[in-house]
Amino acid sequence: MNAELSSTAFAVDLLGFVQWNDVCPSYEELGAATVLLDSGRYSGRVTRSGSFSIPDISPGVYVLSVLSHDHTFEQLRVNISDASSIPEIKTYVFGTPLLSSSAVALSYPVVLSPRSKNSYFKPHESFSLLGMFQNPMMMLMLLTAGMMLATPYIMKNLDPQSLEEFKNQQAKVASVQSSMQDGDFKSGLSTLLAADEKTKASTSGAKSQSNNGGSTIQQRKGGKGGKRR
Amino acid sequence: MLPSLLVASLSLATAGWALHESDVGVVDWHTRLVGVPLQNTFHGDLILTATTSNVFAALNATDGSIAWRSIHDDDDPVAAFDVYNHSNVALLSGPGGSTLRTYDTSTGHLLLERRLHNPAHARRHEIQHVAITTGPGSVEGSTTLFALTNGDTVSRIDSRSGEVVWTWSSPDEGSLVVYSHIRTTPDAVYAVGFAKSKAAYTLHVTTLSIANGSTIASVNIPANLAKDRPSFVLLEAPTSSLAAPGPCLTWLESTSIRAAVLTPGLRGQVQILPGVNYTRIQDIGLAGAGQLIAFTQDGSAHVMRYDGESLRPMWEFTDVAPSQTHTESYFAGSLSEDGEPRIASVYWSHANHKAIHQTFTPRLAEGKGQVTGYTFPFRTHEHGVIRHVGSVSLYLASPLTPFTKVTFDGRSSHTHETTRLLLTTSTGTLQLWKHDVLQWSREEALSTIRVATFVPLPPSSASSSLSAGSTVGQGISGTVLTCIRRFSESILQHLRTYAVGPIIHEDGSTRSSGAPSALYSDQFGFRQVIVAATTEGVLYGLDSSDGRVIWRRLFGLGWASDRVGGRVLPVKMYVLPAKVGRVSDDGSKEETLKQTVVVVTQRRAHNSLVDTVVFEVDPLTGDDVPPLEDGESDASRSRYGPLEGKDVIQGPMIESFVLPDGQGTVAMLDEFLQVQLYPDTPATRASLANLAPSLHLVLPTRTSSTPSPGRGSDNDVSTRAQLVGHRLTFNDNVSTVHVAYPTWRIMLGPGETIRETIRNGKDAGQELSVGKVLGDRRTLYKYLNKHLRVVLTEAKGIGAQTGLESSGTMCGLYVLDSVKGTVLYRARLPAPEGRCDDVRAAFVDHWLVYSYFEDGTSAGGDGTKGWRIVSVEMYEGKKPDDVTRSFELSSYSNATTDITTYEQAYLIPYGVTALSTTSTRLGVTLKNLIVASRRRAVHSVPRRLLDPRRPLGKVSPSEAEEGLVTYDAVLPDDARLTLSHNYEVANIRQIMNAPSRLESTSLVLAIGLDLFLTRVSPSGTFDVLSENFNKAQLVLTIGGLALAIGLARPVVRRRQLRGRWYSA
């Protein structure tokens, strides 16, 4: 009732336009958009030329926002007073008090510029061989593989005493392997790589392949960890 | 600094959320609708339509797709439209036609928007009082538009600039004369309307000067038009005539047609057509060509033509009145390519069970014409009411008709093979027929869904064994065997799926009787049937995997179908478990295990009688389910014909609920608080008697039927709304059924009315976790009280007392215990524009979320305007580790009020039209909030952000361990949280959700003008392979390893052999 009376007494039309920019170059791009004051008590649609007008606004302080499906706009503060027929337009940061003193006065008619275009999708994580090898885990694996390739040659050049030590180590590994068969998976797994080393050390043909496999396991573990974060 | 950190952490959190572009249309679907058409016009290859859903749209006539649509707010109804310049359309909307908009017809671009008058000053009239027309001739692309608004104002508007050249207002401001039509000739604007007199309406014509809007003449034509349906037709002279005579005003007075040729000076005679007794005249869209249809008393229809001088009959259609053999004929007119009028007549023949279409082509030169006809196979049992079932003519005199509107496009050619016929059926379906071939059909009734439910499909045999077996209690070897068996079964199933493909029956009428069993669930339960009841009297079964219509049934009208007619408005829908009587114990006969869907409706007959009718259907096929007492199934009556309902209450229903007896008995309360049951058997009565002590109801009442208790007696109790708690009792002296009696009452404030009561979204018994472990190892126990209700209220006229500037309305929200009436939480919310429609709430378990618009006037507000979401959580006791075991606590215990609520408010940048939470099968997964916004999008808000215990300051280590993030008043507006992405999902009223068989995933269905369904995994898809799982990489690796083993084995063997030989 009050609103009706005041609107007959004094009402202002708010005019403005959408400034096309790189984010939104044309009306086709923007689609149907509506400019609202507050929750939609006053509103106007954006026409093909980009202009809009909101008629018969009674005095008060309003928040101007744009309802657009695919684009985001800044909100503005519109102050309509009894004294002047020209609305006062100020910046407004969403979530701050309405009558903030730091607001900057803007020109009238209202100029709205689209801030960003909504991107709803995330790209697919594509699988690339190069990307796979750039993974630090993968590099570590490659290094190990290189070591394994080099081991026989190092062994050849070793003196018999250290060779003996090495054999002892290998025996240890074998004992761990047998414990794994008994069901102690945890310790077994931790030495699986070493066991691999033992069997592969003697061959030379398929080393890079086995490394490839090991790294994949590592890589997948890494990926899962990242997701959980 | 902090916000940026928060955004950074969020982007991490949301990364797992967003859709891939390739998933669009795979995990979701979207049905764009325009609403049930009110007025259609062919415009080239487009159909312009204004609908009941307040949408103005252009449909492609070739395929029925939406070219564009302009959705109007509720307070901005579409009133009139007119095409001008062949490529533009002018539209008047709003109260009294307050706003003029012009659109480009091919693209839907808004060219102009102009306010003609303030909607607050609009005048309301019972009869049409808004019209728009174009002026003669256009200069350089600018056409003159003439708009009649408010029934008393005519404006001349330049279509290009929107400039109002002149405005003419009726001197009596609509108090005596209400204008309803305008026509223009090169020299004058004719405004024709009704003048009110004591007993009837008379006609009033005013002519205005085109140039300056001054009144040339204003004449009252003494006519005696019936008050209930006054009508006249303003015919234009055909352009072929040399002189430019004015329009011909034609009306029906008692039984004779009268016509008056109008001239700017309004001098002339009223012509009376003698001889024939007419009952009705109808404008068929050919007023511009000077033709109309007049119905005679003896059941025929005359085509009347105005040739510039007089009005005379040109052709006669015989037998157009409804009879035993056919229905009433519907007429539609159109201009052919060469500008010649054509008239189409359509009726349904009971004898042939086909729709018959006749086209009348006038041959003006010979003064004759010809009629050609053909039949087309319109399926009335699906798209319109049946007129004939067996030998009983059910709907013979029903005002409901199979076609409510016919639009006809005879433009294309002389042969009727290419004529197009647009039918709007009584079920809201829009069909385009080209000759006798159905080109397309739009189910616009889907925009009027009131209640809907998800019904899980039975698993197919292979997947049922997948879910049936349990590995608990088997040895390792057994487990392995089971795994192998399952693996091979699933492989087989996959092969079968690839080879045969899923069998889907879209068309309910053509399938064989065995076919419905082909509707099986997919492996993860994403495929379910959505049963949806609309206000257009149709019940749909939709496939949740792609949104297609599986079946559709019409609601039968029962006794009202005979002579009265009426509407069936669905109120509630329940999924009932399989009937016990038909289930075999060993579970081997699975096909008898059928769930049914019960729709509780209110039938409003046209004689204003209201009945409560219950319909029960098989959700998979849409077949009738005979009520239990009927015994054997009656297959012959199902499928064809409307659904047969059961009248349960001879009057309106005030509340309904399902008895918690596991049998799915629906209880309904009538006006006298008597409980009626469906099905009503001694067994269900006994079950009600058992359960009655545990049933508690909350009913809103306006008048107090019993003397009010002492408190509040100083106020005028009878005018204040109350919430009254009820229990059920049985007294065989008084009544044969259970009756509800009041136990407690809460008096609402003066002027406060109840808008909505929301039940707890889920039965508390299902909840797995009863508490929330904090970072310091203490536990907050959730307050799980299944008797809680949320009540939304609207209080008008309290502004006078509180001195609030805004229109004096406040909205209220209460959470109360329905057993005792204890209010556990309450909030007073502002009502922008004096309305509380913007307050939405969702309540599940112990979590309440509501949204409203803060207009900066509330007492505690900081003057910030904007939309807010408030998240409230209720926990037992005063502090962590306090336990009252609320989920099993007696409601009479004092401990039920011993709760702690945590709440926090958040700002959101969009208006909310519907709220809901997700739900999963076991309730382990987090519940996200699903929000439908005014941006015509559906958003998901992560639960973590809505935790009301988010710390205000720095996050302490124990809080961080809990996963809490620092409170930020602004909820992020991340586009990747928009579930509906590029889809424009308009005017969502309701969001529903259903668990799938995967614990992680919930189905979300948004219902409004559009339909939208998607899958949501609030905690990520932890129970399926992660999407970055790379099958190719895995296969390559395994292959590589196998190759390596194959290569290494001979080498190793040789070396071992050598080692044995040479080791010693």
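Just so it is clear, the values below take in all heavy atoms, side chains as well, and ignore hydrogens, waters and symmetry mates. Below, read A as the first sequence line, B as the second, and so on, with proteins coming before strands; counting in each chain starts at 1.
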Please name all residues satisfying salt bridge (Lys or Arg N to Asp or Glu O under 4.0 Å) with B/D973, sequence neighbours left out, ordered by chain then number. B/R935
Under 4.5 Å heavy-atom distance to chain A, tell me which part of B/R114 shows up: side chain, backbone, both or neither. neither
Considering only heavy atoms and a distance below 4.5 Å, find which of A/G40, A/G60, A/S51 pairs most often with chain B. A/G40
If you round to the nearest 0.5 Å, how far is OH of B/Y103 from OG1 of A/T47? 11.0 Å
Within the distance-only criterion (no hydrogens, no angle test), does the side chain of B/H20 pair as donor or acceptor with the backbone N or O of A/F121 below 3.5 angstrom? no
Segment of A/Y92 engaging chain B (4.5 angstrom heavy-atom cut-off): side chain
Please flag which part of B/Y983 lies under 4.5 Å from any non-hydrogen atom of chain A: side chain, backbone, both or neither. backbone
How far apart are the closest heavy atoms of B/A975 and A/S119, and which atoms are they? CB-O, 3.5 Å
When the ring planes of A/Y27 and B/H109 are compared, do they come out parallel, tilted or perpendicular, using 30° and 60° as the limits? perpendicular
Select one option (side chain, backbone, both, neither) describing which atoms of B/Y910 are under 4.5 Å from chain A's heavy atoms. neither
Rounded distance [0.5 Å steps], OH in A/Y120 versus CG in B/N982: 6.0 Å
When the 4.5 angstrom heavy-atom criterion is applied to B/W68 and chain A, the contacting part is neither
Side chain, backbone, both or neither of A/S39 within contact of chain B (heavy atoms, under 4.5 Å): both
Looking at every non-hydrogen atom in both residues, tell me the closest pair between A/S53 and B/E113 and how far apart they are. O-OE1, 4.0 Å
Examine distances only and state if a side-chain atom of B/K865 and a backbone atom of A/V61 form a donor-acceptor pair shorter than 3.5 Å. yes
Who are the salt bridge (Lys or Arg N to Asp or Glu O under 4.0 Å) partners of B/R936, not counting sequence neighbours? B/E984
As an exercise: rank A/R48, A/Q75, A/R45 by heavy-atom pairs under 4.5 Å with chain B and give me the winner. A/R45
Side chain, backbone, both or neither: which part of B/I1038 has a heavy atom under 4.5 Å from chain A? neither
Only pairs of heavy atoms separated by less than 4.5 Å count here; which of B/I908, B/D23, B/L112, B/D838 has the most with chain A? B/I908
Near A/N168 CG, under 6.0 Å, is it more than 12 heavy atoms from other residues, nucleotides or ligands? yes
Within this structure, what is the CG-CD distance for the pair A/D38 and B/E854, rounded to the nearest 0.5 Å? 11.0 Å
Could you look at B/D104 and say if it's the side chain, the backbone, both or neither that has a heavy atom under 4.5 Å from chain A? side chain
Side chains of B/R934 and A/T34: is there a donor and an acceptor less than 3.5 Å apart? no
